[in-house]
Chemist: 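Here it is, the structure in full.
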Protein chains: 2
Amino acid sequence: MRLTERKIAATLRQHGYKLTPQRRAVMRTIASTQDHLTPAAIYQKVHKDHPSIGLVTIYRTLDILAKLELICELHAGGSCRSYTVGARGHHHHLICSNCGEVIDFTGYDLTQLEQRLSRQTGFEIEGHLLEFIGLCQNCQKND
Amino acid sequence: MRLTERKIAATLRQHGYKLTPQRRAVMRTIASTQDHLTPAAIYQKVHKDHPSIGLVTIYRTLDILAKLELICELHAGGSCRSYTVGARGHHHHLICSNCGEVIDFTGYDLTQLEQRLSRQTGFEIEGHLLEFIGLCQNCQKND
DNA sequence: TATATAAATGATAATAATTTTCATTTACAA
DNA sequence: TTGTAAATGAAAATTATTATCATTTATATA
């Protein structure tokens with residue numbers, strides 16, 4: 001099922017958010033493409049039709065839509081990074097969203113999936129990022 | 001096999017990078033903990049013993065170590081995000097590191113792994129991030 | 001339909017993270 | 001020992017994001 005502007009509007013209402021022209025514009029822009037857009041790119045597109053809309057409103061709207069899971073977020077390198085020694089061999093991360101604790105885990109192999117994707121898309125795959133986000137035991141208690 | 005300072009030094013040399021006291025200090029700091037550290041955190045730690053070292057050098061050193069795959073990078077929300085309509089149901093991303101094209105793929109289920117991790121670590125898992133990075137067909141040609 | 005009100009907006013400033021520039025210093029090959 | 005390319009530090013420039021606050025507006029309800 002394709003995500004429609006109507007669907008987004010309804011969900012906003014359900015959660016008590018107002019339906020403003022600015023939000024409509026952002027929704028329409030995101031729904032109009034399959035591409036992934038950065039906040040700045042969305043701002044530029046929206047700005048053409050609605051020159052008075054502010055970048056801040058874009059950010060606020062994106063936060064809401066992401067919280068309602070109407071849009072999804074991805075990270076493609078760049079900022080917000082942290083580092084650790086690279087445990088030899090493959091490992092992935094489990095990150096506490098509250099305190100930031102990171103647990104490495106091993107023993108999960110994505111080779112097959114990688115081959116499938118490579119075959120299906122023609123991509124030459126260089127690497128991947130697999131992370132789970134959640135609350136660690138400690139932060140669950142102190143909630 | 002644990003990553004040692006010696007190992008890091010050798011790899012640097014192999015790739016024609018000089019072994020400076022500043023790089024030693026960064027390496028020693030990263031190798032001394034299992035935690036994941038942000039560039040700023042690494043800077044603070046290094047700064048105690050070597051007050052003259054600059055944050056810029058930390059960034060430069062991290063870039064090199066990451067390129068040589070001696071350390072690994074993770075993204076824990078925050079900046080560097082982009083958005084798309086959330087295709088209903090689960091999907092993950094395949095991102096071209098050159099042109100930024102994003103392909104969504106479905107049909108890969110991480111539920112079992114999630115349950116295993118939850119059992120083993122006590123985490124209450126809220127979500128995950130699975131992305132493959134590579135070169136799309138087009139960018140492979142124009143190389 | 002008018003209106004009260006909480007929510008949303010835009011402008012601006014503030015903060016944070018990262019990169020660039022460039023003059024100076026330094027590791028190391030010869 | 002020395003020449004040279006590479007690395008460094010300081011400072012400024014970019015870029016991304018968030019906070020503040022006075023003004024406007026969507027919408028529930030009278």
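The chains referred to below are lettered A, B, ... by the order of the sequence lines, with proteins before strands, and numbering in each begins at 1.
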Chemist: Rounded at 0.5 Å granularity, tell me how far CD1 in B/Ile125 sits from CZ in B/Arg116.
Modeler: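 CZ of B/Arg116 is found 10.0 Å from CD1 of B/Ile125.
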Chemist: B/Gln44 has an atom CD; how far is it from atom P of C/dA17, in whole Å?
Modeler: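 The distance from CD of B/Gln44 to P of C/dA17 comes to 10 Å, rounded to the nearest Å.
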Chemist: Could you grab the distance from atom CZ of A/Arg60 to atom CD of A/Gln22, nearest 0.5 Å is fine?
Modeler: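 It comes to 9.5 Å.
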Chemist: Between protein and nucleotides 3-9 of chain D, map the contacts as a letter string: B base, S sugar-phosphate only, - none, heavy atoms under 4.0 Å, written 5' to 3'.
Modeler: --BSSBB
Chemist: Would you indicate whether the side-chain heavy atoms of B/Leu68 and B/Tyr17 approach each other to under 4.5 Å?
Modeler: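 A side-chain contact exists here, since the closest heavy-atom pair is under 4.5 Å.
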Chemist: Can you tell me how far P of C/dC28 sits from CG of B/Leu12, to the nearest Å?
Modeler: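 Roughly 10 Å, once rounded to whole Å.
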Chemist: Considering residues at least two apart in sequence or located in another chain, which fulfil the ring-ring contact (aromatic ring centres under 6.0 Å, His included) criterion with A/Tyr43?
Modeler: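 If we apply the ring-ring contact (aromatic ring centres under 6.0 Å, His included) test to A/Tyr43, skipping adjacent residues, the hits are A/His47.
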Chemist: Could you tell me if the side chain of B/Ile64 sits less than 4.5 Å from the side chain of B/Leu12, heavy atoms only?
Modeler: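 B/Leu12 vs B/Ile64: side chains touch.
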Chemist: Using a 4.0 Å heavy-atom cut-off, does A/Arg24 contact any base of the nucleic acid, only the sugar-phosphate backbone, or nothing at all?
Modeler: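 Here A/Arg24 touches no strand at all.
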Chemist: To the nearest 10°, give me the bend of the helix from C/dT1-D/dA30 to C/dA30-D/dT1, comparing the axes of its five terminal pairs at either end.
Modeler: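 End-to-end axis angle: 40°.
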Chemist: What is the distance from CZ of A/Arg13 to P of C/dA7, rounded to the nearest Å?
Modeler: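 The answer, rounded to whole Å, is 17 Å.
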Chemist: Could you grab the distance from atom CD1 of B/Ile58 to atom CD1 of B/Ile53, nearest 0.5 Å is fine?
Modeler: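 So the CD1 of B/Ile58 and the CD1 of B/Ile53 are separated by 4.5 Å.
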Chemist: Rounded to whole Å, please give me the gap between NE2 in A/His50 and P in C/dG10.
Modeler: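 Distance check: A/His50 NE2 to C/dG10 P gives 11 Å.
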Chemist: Take the protein atom CG of A/Leu55 and the nucleotide atom P of D/dA16, then report the distance between them rounded to whole Å.
Modeler: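 A/Leu55 atom CG is separated from D/dA16 atom P by 10 Å.
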Chemist: Once you round to the nearest 0.5 Å, how far does CD of A/Gln137 lie from CZ of B/Phe123?
Modeler: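 Here the interatomic distance stands at 9.0 Å.
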Chemist: Let me know the distance between CD of B/Gln14 and C1' of C/dC28, rounded to the nearest Å.
Modeler: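 Checked: the CD to C1' distance equals 17 Å.
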Chemist: Just verifying a value: how many Å separate B/Lys18 NZ and B/Arg13 CZ, rounded to the nearest 0.5 Å?
Modeler: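 The distance works out to 12.0 Å.
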Chemist: Keeping the roles fixed (side chain from A/Ser118, backbone from A/Glu114), state whether a donor-acceptor pair exists under 3.5 Å.
Modeler: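 Pair absent, no side-chain N/O of A/Ser118 close to backbone of A/Glu114.
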Chemist: How close or far is atom P of C/dA7 from atom CG of A/Leu19, stated in whole angstroms?
Modeler: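 So the CG-P distance, A/Leu19 to C/dA7, works out to 16 Å.
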Chemist: Specify the separation, in whole Å, of atom OH of A/Tyr59 and atom C1' of C/dT15.
Modeler: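 About 13 Å, once rounded to whole Å.
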